[in-house]
Amino acid sequence: MSGPHIRSYRASDDDGVADVCARTADLGGDSRHIYPDERLMATLFATPYCHLEPGLAFILDDGRGGVGGYVVGTADTERFALDFSDRWIPRVADRYPPLAGPATTPTEEMIGLLHRPERMVLSELKEYPAHLHIDLLPEFQRRGYGRQLMHTLFDALHDRGVPAVHLGMVTANTDARAFYDRLGFHEIPVPDPGPLTYLGRTTDTR
């Protein structure tokens, strides 16, 4: 198939997924000046989903087999947090061992989050059991691909009987908020959310 298109994740996409994540993790822009380890952000927010729930990982193929963007998610956040702890952290702990003390750099802050998967489970989000992460390289933004990716995931979740999905976004990322608003997300009040805003919607796209 020529031209950008959406397809299922495959194992050979891991490097591309990590690259897209690193290049979009700073409020939608390149984060590599903040996190020099270019696999770090994907290790938290992208590749564990590809490995633990590959049936809910979808790729925007750039038309040449490369990764121009992705959406990843889980149907059951509580179960995913347990799998993250039991199955994912052991895979990456040699590269990112637990901190010996308080975090002093942005990288250490992320490593601290890596080792706290329970952060994903909030009682206020219980009615939205699924959650997701989406990233697109700038050249593929504002061209309808983000909406296509999201609807592909919504449909897959809906087919599994999952009624609703949530996400946590950095509040300062106003462009992302506008995108989610257009897709019908609404804010979910969460006490002390820190730098994040939580949004949710049903998985029904009709």
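As the structure is a computational prediction, the values presented were derived from the model and not from experiment.
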| Spatial distance of atom CZ (Arg87) from atom NE2 (His51) [nearest 0.5 Å] | 11.0 Å

| task | With rounding to the nearest 0.5 Å, note down the distance linking CZ in Phe45 to CG in Leu40. | result | 8.5 Å

Side-chain atoms of residues 190-197: list all donor-acceptor pairs with protein atoms under 3.5 Å, sequence neighbours left out, distances to 0.1 Å.
unit_1: Thr197; atom_1: OG1; unit_2: Thr171; atom_2: OG1; d: 2.7

| Are side-chain heavy atoms of Asp14 and Arg39 found at a separation under 4.5 Å? | yes

| request: Consider only side-chain heavy atoms of I, L, V, M, F, W and Y, link residues closer than 4.5 Å, and tell whether Tyr49 and Phe58 are in one cluster. | output: yes

| query | According to a 4.5 Å side-chain heavy-atom criterion applied to Ile, Leu, Val, Met, Phe, Trp and Tyr, with indirect links allowed, do Val170 and Leu136 form part of one hydrophobic cluster? | reply | no

| said: Measuring only between side-chain heavy atoms, which start at C-beta, is Thr47 closer than 4.5 Å to Arg91? | reply: no

| query | Would you call Arg32 and Asp26 a salt bridge, taking side-chain N to carboxylate O under 4.0 Å as the test? | reply | no

| field | Interatomic distance, Thr104 atom OG1 to Glu109 atom CD [nearest 0.5 angstrom] | value | 8.5 Å

| Taking all non-hydrogen atoms of both residues, which atom of Trp88 and which atom of Thr43 are closest, and how far apart? | NE1-O, 2.9 Å

| Looking at CE of Met169 and CG of Leu27, how far apart are the two atoms once the value is rounded to the nearest 0.5 Å? | 8.5 Å

| said: Using modelled atom types and a 3.5 Å cut-off, is there a donor and acceptor pairing between side-chain atoms of Arg143 and backbone atoms of Glu139? | reply: yes

| task | Mind listing the closest non-hydrogen atom pair of Met41 and Ser31 along with its distance? | result | CG-OG, 4.4 Å

| Is there any side-chain hydrogen bond (donor to acceptor under 3.5 Å, both in side chains) pair reaching into residues 158-170, and which pairs are they, with sequence neighbours excluded? | Glu53-Arg160

| Shortest non-hydrogen contact from Ile111 to Pro97? | CG2-O, 3.4 Å

| Does some side-chain heavy atom of Leu149 sit less than 4.5 Å from a side-chain heavy atom of Leu60? | yes

| Around Arg142, counting heavy atoms of other residues, nucleotides and ligands shown, do more than 12 lie under 6.0 Å from its CZ? | no

| said: Suppose we screen for side chain to side chain donor-acceptor pair (under 3.5 Å). Which residues come up paired with Glu78, at least two apart in sequence or across chains? | reply: Lys126

| query | Step by step, would you call Thr77 with Tyr128 a side chain to side chain contact (heavy atoms under 4.5 Å, CB included)? | reply | CA-CA 9 Å; Thr77 297; Tyr128 307 81; over 6 Å; no

| Can you tell if the side chain of Asp204 reaches within under 4.5 Å of the side chain of Phe154, non-hydrogen atoms only? | no

| Could you walk me through whether Ile134 and Tyr180 pass the side chain to side chain contact (heavy atoms under 4.5 Å, CB included) check? | CA-CA 11 Å; Ile134 182 171; Tyr180 297 132; 3.5 Å; yes

| For the residue pair Val17 and Tyr70, what are the closest heavy atoms and their distance? | O-CE2, 3.7 Å

| Closest contact, heavy atoms only, Thr203 versus Val162 | OG1-O, 2.6 Å

| said: Under 6.0 Å between ring centres: does that hold for His131 and Tyr198? | reply: no

| request: Check the pair Leu52 / Thr74 against side chain to side chain contact (heavy atoms under 4.5 Å, CB included), numbers first and verdict last. | output: CA-CA 9 Å; Leu52 297 175; Thr74 178; over 6 Å; no

| said: Testing Leu183, Leu167, Ile188 one by one against Leu199 for a side-chain contact (heavy atoms from CB on, under 4.5 Å), which residue passes? | reply: Leu167

| Inter-residue atom distance Thr152.OG1 - Ile59.CD1, 0.5 Å rounding | 11.5 Å

| Quick one: side chain to side chain contact (heavy atoms under 4.5 Å, CB included) partners of Pro106, sequence neighbours excluded? | Ile34, Tyr35

| With sequence neighbours excluded, what pairs up with Tyr145 under the ring pair (Phe, Tyr, Trp, His ring centres under 6.0 Å) test? | none

| message | Do Met150 and Leu125 land in one hydrophobic cluster if side-chain heavy atoms of ILVMFWY residues count as linked below 4.5 Å? | response | no

| query | Between Phe179 and Gly146, which heavy-atom pair has the shortest distance, and what is it? | reply | CZ-C, 3.7 Å

| remark: Output for pair (Thr205 OG1, His151 NE2), nearest 0.5 Å, gives 6.0 Å

| request: Might you work through the side chain to side chain contact (heavy atoms under 4.5 Å, CB included) test for Leu157 and Leu56, ending with a clear yes or no? | output: CA-CA 8 Å; Leu157 290 168; Leu56 293 175; 3.7 Å; yes

Pairs of donor and acceptor atoms involving the side chains of residues 112-123, under 3.5 Å and at least two apart or interchain, shall be tabulated with distances.
unit_1: His115; atom_1: NE2; unit_2: Tyr96; atom_2: O; d: 2.7
unit_1: Arg119; atom_1: NE; unit_2: Leu113; atom_2: O; d: 2.9
unit_1: Arg119; atom_1: NE; unit_2: Arg116; atom_2: O; d: 3.3

